[in-house]
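Data first, discussion second: the structure below is written as structure tokens.
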Number of protein chains: 2
Amino acid sequence: MARKPADQSVDREDILWAAAEVLHRNGYEATTMKDIAAQVNLTAASLYHHFKNKDFLLLNVLEVGLDLTIDKLERIDASDRSCVEKLSAMIRSHVVSVTGNVAVGAAMVFEIRALLNVSVGAKNSDESFTREFVARRNQFFARRDYFEGLFRNIVRAGIESGEFREVDAAIVTKAMLGAHNWVGVWFKEGGRLSGEAVADVMVDTWLAALGERNG
Amino acid sequence: MARKPADQSVDREDILWAAAEVLHRNGYEATTMKDIAAQVNLTAASLYHHFKNKDFLLLNVLEVGLDLTIDKLERIDASDRSCVEKLSAMIRSHVVSVTGNVAVGAAMVFEIRALLNVSVGAKNSDESFTREFVARRNQFFARRDYFEGLFRNIVRAGIESGEFREVDAAIVTKAMLGAHNWVGVWFKEGGRLSGEAVADVMVDTWLAALGERNG
DNA sequence: CCAAGAATCAAATGACTGTTCGATTATAGG
DNA sequence: CCTATAATCGAACAGTCATTTGATTCTTGG
């Protein structure tokens with residue numbers, strides 16, 4: 001094959017993380033291809049060798065972030081534990097993810113609207129690009145619903161098993177995810193609490209909210 | 001004075017609400033002055049008669065939204081009630097605000113970064129514009145901290161009075177506000193629950209999270 | 001009815017951005 | 001040592017957008 005210089009070996013992954021960081025700082029629309037390129041010492045033109053265009057780049061960042069989070073949650077979900085234990089582990093996993101990679105966590109929250117606003121009905125030259133983009137975008141949103149469902153199902157299961165009190169599982173789940181997502185907005189590395197400590201507070205908070213009685 | 005046509009009497013306020021709506025749909029960067037103008041049947045140029053520029057327009061939207069919310073919270077805070085009752089009323093007020101005017105609620109959450117990213121150090125022509133903008137922006141952020149403090153203080157007071165269990169008030173407050181803010185993202189008028197119903201679930205959730213024992 | 005200023009618009013400007021293209025450089029396999 | 005091709009860049013393009021300017025239309029106080 002070809003080129004992979006010793007000093008500036010930049011691959012897809014590097015660009016993805018760099019993009020997440022810049023996205024976190026500026027937001028999708030305010031982020032230029034030049035900004036992202038600069039973060040990895042490239043020019044804007046070079047990015048098009050790795051990604052079809054700006055929209056696909058954003059989509060990739062979100063896909064990777066979501067996949068990483070879902071993987072961990074599925075492992076917990078598949079384990080043989082009580083609902084209380086599962087939910088605790090899931091909350092901890094989610095919050096630690098967000099605090100560990102604020103860039104991706106925040107992108108997951110803030111850039112979804114940008115994804116929706118991509119001008120799909122416009123005068124785009126390449127028709128197949130549009131088609132593929134829409135398909136992958138829809139799949140992303142479906143996967144995001146699945147992600148939320150993982151939490152909601154545990155809440156529901158816990159209610160049925162009597163481990164949790166009776167609540168509106170859908171709303172409480174959304175409240176929970178809102179609280180977690182918001183962590184990506186205010187959390188700063190090196191602050192009063194570590195990511196794990198914040199996660200512990202969240203676990204404690206939500207178990208209490210769900211009226212768990214064995215903690 | 002002058003002009004205020006019968007058919008299209010558009011004033012500052014109208015533009016403000018229109019801007020909030022478009023902002024909610026598209027986000028600050030993706031929103032053009034033309035978009036906002038169209039919402040009130042004006043041209044982009046006309047907006048400059050009412051607002052200095054796009055940045056100030058955004059700032060105005062956020063200021064108005066925050067002021068409205070804070071007003072209600074302060075009235076509750078000043079009342080002579082228990083911490084449980086105060087917090088309940090505050091949560092309900094906040095959530096109903098968000099569901100009642102999703103546009104402003106969402107702007108408060110999503111456009112704050114845009115506010116930070118305004119190119120203040122750039123080659124702006126008018127130096128005094130920049131100075132005023134920075135001053136008002138700082139004041140906005142201070143006011144936003146004050147808003148959060150209103151909730152946090154009640155949580156702390158409730159802990160001291162024994163109405164709430166001992167929690168990390170700062171983190172729990174942020175979790176609470178995160179959950180409320182997130183409502184602006186998913187709430188749709190005409191869905192399964194009304195804004196008031198969602199607010200009730202939130203009150204119930206947070207009182208439980210705080211281990212309140214008189215509900 | 002008049003004059004002053006408020007409200008609006010059309011058109012032009014200047015800057016910035018995503019994207020393309022052609023050329024160049026470096027690498028790995030033969 | 002070649003050569004195909006991966007990776008990169010400089011320059012140019014077409015489009016969009018915030019903002020300015022100068023003129024125009026309306027409304028109201030006198």
Side-chain angles (χ1 to χ4, degrees), chain A residues 1-15 18-19 22-23 26-60 114 117-130 133, chain B residues 1-15 18-19 22-23 26-60 114 117-130 133:
Chain A
M1 300 299 166
R3 209 192 215 184
K4 190 99 173 258
D7 55 328
Q8 48 176 350
S9 62
V10 172
D11 63 3
R12 256 180 91 93
E13 283 269 319
D14 296 327
I15 297 175
V22 182
L23 243 38
N26 301 338
Y28 181 68
E29 303 288 347
T31 296
T32 70
M33 293 298 270
K34 200 175 160 191
D35 289 340
I36 298 172
Q39 189 85 4
V40 287
N41 286 328
L42 289 182
T43 57
S46 301
L47 295 181
Y48 289 82
H49 185 72
H50 300 275
F51 298 91
K52 294 179 193 174
N53 59 36
K54 194 185 173 190
D55 297 333
F56 276 94
L57 179 48
L58 167 66
L59 189 52
N60 264 289
N117 270 62
V118 166
S119 57
V120 156
K123 51 278 154 192
N124 273 332
S125 48
D126 207 321
E127 178 72 19
S128 72
F129 272 29
T130 301
F133 182 81
Chain B
M1 301 298 165
R3 209 191 216 182
K4 189 104 173 256
D7 54 329
Q8 50 175 350
S9 63
V10 172
D11 63 1
R12 255 180 94 91
E13 282 269 318
D14 296 326
I15 298 176
V22 182
L23 244 37
N26 301 339
Y28 180 68
E29 302 289 346
T31 296
T32 70
M33 293 297 271
K34 201 176 160 189
D35 290 339
I36 298 172
Q39 189 85 3
V40 286
N41 286 327
L42 289 182
T43 58
S46 302
L47 296 181
Y48 289 82
H49 185 72
H50 300 275
F51 298 91
K52 295 182 192 173
N53 60 34
K54 195 185 173 190
D55 296 333
F56 276 94
L57 179 48
L58 167 67
L59 189 52
N60 264 288
N117 270 63
V118 166
S119 58
V120 155
K123 52 277 152 190
N124 274 331
S125 49
D126 207 319
E127 178 72 20
S128 72
F129 272 28
T130 301
F133 183 82

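Proteins come first, then strands; the chains are lettered A, B, ... in the order of their sequence lines, and each starts at number 1.
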Residue-phosphate contact under 4.0 Å: [X] side-chain N/O, [N] OP1/OP2:
{"X": "B:Ser46", "N": "C:dA7", "value": "no"}
{"X": "B:His49", "N": "C:dT8", "value": "no"}
{"X": "A:His50", "N": "D:dA6", "value": "no"}

Round to a whole Å and report the spacing from [atom1] of [X] to [atom2] of [N].
{"X": "B:Lys54", "N": "D:dT16", "atom1": "NZ", "atom2": "P", "result": "15 Å"}
{"X": "B:Tyr48", "N": "C:dA11", "atom1": "OH", "atom2": "P", "result": "18 Å"}
{"X": "B:Glu29", "N": "D:dT16", "atom1": "CD", "atom2": "P", "result": "18 Å"}
{"X": "A:Asn53", "N": "C:dT17", "atom1": "CG", "atom2": "P", "result": "17 Å"}
{"X": "A:Asp55", "N": "C:dT17", "atom1": "CG", "atom2": "C1'", "result": "13 Å"}
{"X": "A:Lys52", "N": "C:dG18", "atom1": "NZ", "atom2": "C1'", "result": "17 Å"}
{"X": "B:Lys34", "N": "D:dT16", "atom1": "NZ", "atom2": "C1'", "result": "10 Å"}
{"X": "A:Met33", "N": "D:dA11", "atom1": "CE", "atom2": "P", "result": "20 Å"}

State, to 0.1 Å, how close [X] and [Y] come at their nearest heavy-atom pair, and which atoms those are.
{"X": "B:Asp35", "Y": "B:Ala30", "result": "OD2-O, 3.9 Å"}
{"X": "B:Val22", "Y": "B:Gln39", "result": "CG2-OE1, 3.9 Å"}
{"X": "B:Val40", "Y": "B:Asp14", "result": "CG1-O, 4.0 Å"}
{"X": "A:Lys54", "Y": "A:Thr31", "result": "NZ-O, 2.8 Å"}

Practice prompt. For the side chain of B:Ala45, starting at C-beta, report the closest nucleotide among C:dT19, D:dT19, C:dC9.
Written response: C:dC9
Practice prompt. State which of C:dC9, D:dT19, D:dT8 makes the closest approach to the side chain of B:Leu42.
Written response: C:dC9
Practice prompt. Would you indicate what B:Thr32 reaches in the nucleic acid, counting non-hydrogen atoms under 4.0 angstrom: base, sugar-phosphate, or nothing?
Written response: sugar-phosphate
Discussion item. For B:Lys52, I'd like to know if atom NZ has over 12 heavy atoms of other residues, nucleotides or ligands within 6.0 Å.
Written reply: yes
